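Predicted, not measured: the structure shown is a model, and the values here were computed from it.
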Amino acid sequence: MLAKLSQLPNDVRQYMLVTFNYWNFTLTDGALRMLVVLHFHQLGYSPLEIASLFLFYEFFGVVTNLIGGWLGARVGLNKTMNIGLFMQVVALLMLAVPSANLTVIWVMFAQALSGIAKDLNKMSAKSAIKTLVPNDQQGALYKWVALLTGSKNALKGVGFFLGGALLALIGFQGAVIAMAGVLAVVFICSLLWLDKDLGKAKSKVKFSQIFSKSRSINILSAARMFLFGARDVWFVIALPLYLGQVFGWDYILVGGFLALWVIGYGLVQSIAPRITGKTEGIVPDGRVAFGWAMILAVVTGVIAIALQFNWYPQLIIIGLMIFGAIFAINSSLHSYLIVSYAKGDGVSLDVGFYYMANAMGRLIGTLLSGMIYQLYGLAMCLWIAFIFIMMTTIISLWLPRHSTTTASI
């Protein structure tokens, strides 16, 4: 196996290693989120209290993306990716202490480390692709970004199921210790084989460059912030608790449904280039992003109305699956556009700024998910999501458009 890998072009080997790192990290990230939500709900925490456990996770994600892009350009993406892997191992081991020592503050700090680790890893993986694909092959870039992002989210769904299953089978402490062991092996492999200068800028990067000066990236970042706030406002806290409290589902069923949702979402992301017209030689632009955001807004509004008036509440499951598919296309379009807009030298600066906005949307969505669900229920969470997606749609009007571009396969 190793002999065959050594015969592959270096850019392909590096892409495979970056993807392998990202996949394994994503499994632990998805599982840990589900473990924390379900375990602390079991301990009697309210939705708002559970949301507070993720406060540092999301807040430090904002900071990490902003600074991490600069750090990646300065020292190389291999170092930022490996730092992320190591920090996730430490965060998991912090949560392996006896339950009596799992205070809110301790868990919040462990989640802070995990949030930093997750966004260092994601920023490094997404930025690395830009360095491995020639600038004149935008179709190939779209395909590679969609494949990485889609496979990541499919595995995050597997992680949700894994988290629920591990909690039921070996308990909270056993689950986090097992995941820390697997990720430690991945960390060692990455240290050995990832290129040392991957993504390192050729020119000296100043700290003042962490804020993007590109109009298109600033517009896309604002659209991304509202898009992910719209998802997390109902998905992160509200939906798992709703499924348990209203439908009476157990941990494995809740984790299983969320897993299927995210797996389906990831699979649609991976084939998004086919859906948006790449097979006809079309590379997406701002017009395409606007159209898909409008479709998502309509779908979200219909789901919110149905839940508000209690029309066949069991059918909300189907509605949310449709939301996931259309959201996946929106997310994949954005992921391609940011890598396309980003500068080739020091790509992590632009990607880091964009994912800072992504993390800000997740932070807002997570906090609102616990608070709005506790006070007003799931229907209001979906109305907030509708408003956020409308903001994404309006902002997308200002994204750059082109007439006709031929995709390079």
Side-chain angles (χ1 to χ4, degrees), residues 146 149-150 153 219-236 238-239 242-243 257-258 260-278 280 282 284-338 357-358 361-362 364-365 368-369 372-373 376-401:
T149 306
N153 283 304
I219 294 170
L220 184 63
S221 297
R224 183 77 170 194
M225 181 182 73
F226 284 107
L227 180 68
F228 270 74
R231 183 197 67 177
D232 284 5
V233 73
W234 61 266
F235 184 77
V236 175
L239 184 62
Y242 179 86
L243 295 174
F257 172 74
L258 295 180
L260 287 174
W261 191 92
V262 179
I263 290 169
Y265 159 65
L267 291 175
V268 173
Q269 273 190 315
S270 65
I271 62 170
R274 295 176 180 270
I275 298 172
T276 56
K278 181 177 176 294
E280 287 77 38
I282 300 171
D285 63 356
R287 182 186 296 107
V288 176
F290 167 80
W292 282 102
M294 178 61 75
I295 294 171
L296 183 61
V298 171
V299 168
T300 307
V302 170
I303 298 171
I305 291 171
L307 195 60
Q308 182 74 51
F309 293 98
N310 202 33
W311 293 341
Y312 306 101
Q314 298 288 345
L315 293 181
I316 187 179
I317 302 300
I318 297 175
L320 293 179
M321 295 298 280
I322 296 172
F323 177 104
I326 300 173
F327 181 90
I329 296 171
N330 278 269
S331 178
S332 189
L333 286 169
H334 283 199
S335 293
Y336 159 71
L337 290 173
I338 180 55
N358 184 98
R362 290 176 57 91
I364 294 169
L368 288 178
S369 186
I372 299 298
Y373 180 73
Y376 304 107
L378 185 61
M380 183 57 70
C381 292
L382 283 161
W383 282 120
I384 299 295
F386 172 75
I387 293 170
F388 280 10
I389 295 169
M390 284 305 302
M391 292 298 298
T392 294
T393 305
I394 293 168
I395 292 168
S396 298
L397 283 169
W398 283 274
L399 286 172
R401 303 183 178 200

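The minimum heavy-atom distance between L337 and A289, with the atom names listed, is CD1-CB, 4.2 Å. Counting all heavy atoms, side chain and backbone alike, T300 lies closest to L382 at CG2-O, 3.7 Å. Of all heavy-atom pairs spanning A297 and T393, the tightest one is CB-OG1, 4.3 Å. Of all heavy-atom pairs between M380 and I372, the closest is CG-CG2, 3.5 Å. For the residue pair L378 and A238, the shortest heavy atom distance occurs at CD1-CB, 3.8 Å. Across every non-hydrogen atom of L399 and G286, the tightest pair is CB-CA, 3.5 Å.
Using a 30° and 60° split on the angle between ring planes, F323 and W234 fall in the perpendicular class, above 60°.
Residues forming a salt bridge (Lys or Arg N to Asp or Glu O under 4.0 Å) with R231 (at least two apart in sequence, or on another chain): none. Looking at residues two or more places apart in sequence or on another chain, you find no side chain to side chain donor-acceptor pair (under 3.5 Å) involving N330.
With a 4.5 Å cut-off on side-chain heavy atoms, I394 and F226 do not count as touching.
Between F228 and the choices F235, F388, F327, the ring pair (Phe, Tyr, Trp, His ring centres under 6.0 Å) rule is met once, by F327.
Screening residues 378-389 for side-chain hydrogen bond (donor to acceptor under 3.5 Å, both in side chains), with sequence neighbours left out, gives Q308-W383.
Here the OG-CZ distance, from S369 to R362, works out to 11.5 Å after rounding to the nearest 0.5 Å. To the nearest 0.5 angstrom, S335 atom OG is 8.0 Å from N358 atom CG. Taking OG of S221 as the start and CD1 of I395 as the end, the distance is 10.5 Å to the nearest 0.5 Å. Rounded to the nearest 0.5 Å, atoms CG (L307) and CG (L315) are 11.0 Å apart. Taken to the nearest 0.5 Å, the CG atom of D232 stands 10.0 Å off from the CG atom of L227. For the atom pair CD1 of I316 and CE of M321, the computed distance is 13.0 Å after rounding to the nearest 0.5 Å.
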Between L239 and L320, does a side-chain contact (heavy atoms from CB on, under 4.5 Å) hold up when you go through it step by step? CA-CA 10 Å; L239 184 62; L320 293 179; 3.8 Å; yes
Decide yes or no on ring-ring contact (aromatic ring centres under 6.0 Å, His included) for W261 and Y265, but give the supporting numbers first. CA-CA 6 Å; W261 191 92; Y265 159 65; 5.5 Å; yes
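Using a distance-only test at 3.5 Å, with no hydrogens or angles considered, no donor-acceptor pair links the side chain of S332 to the main chain of I329.
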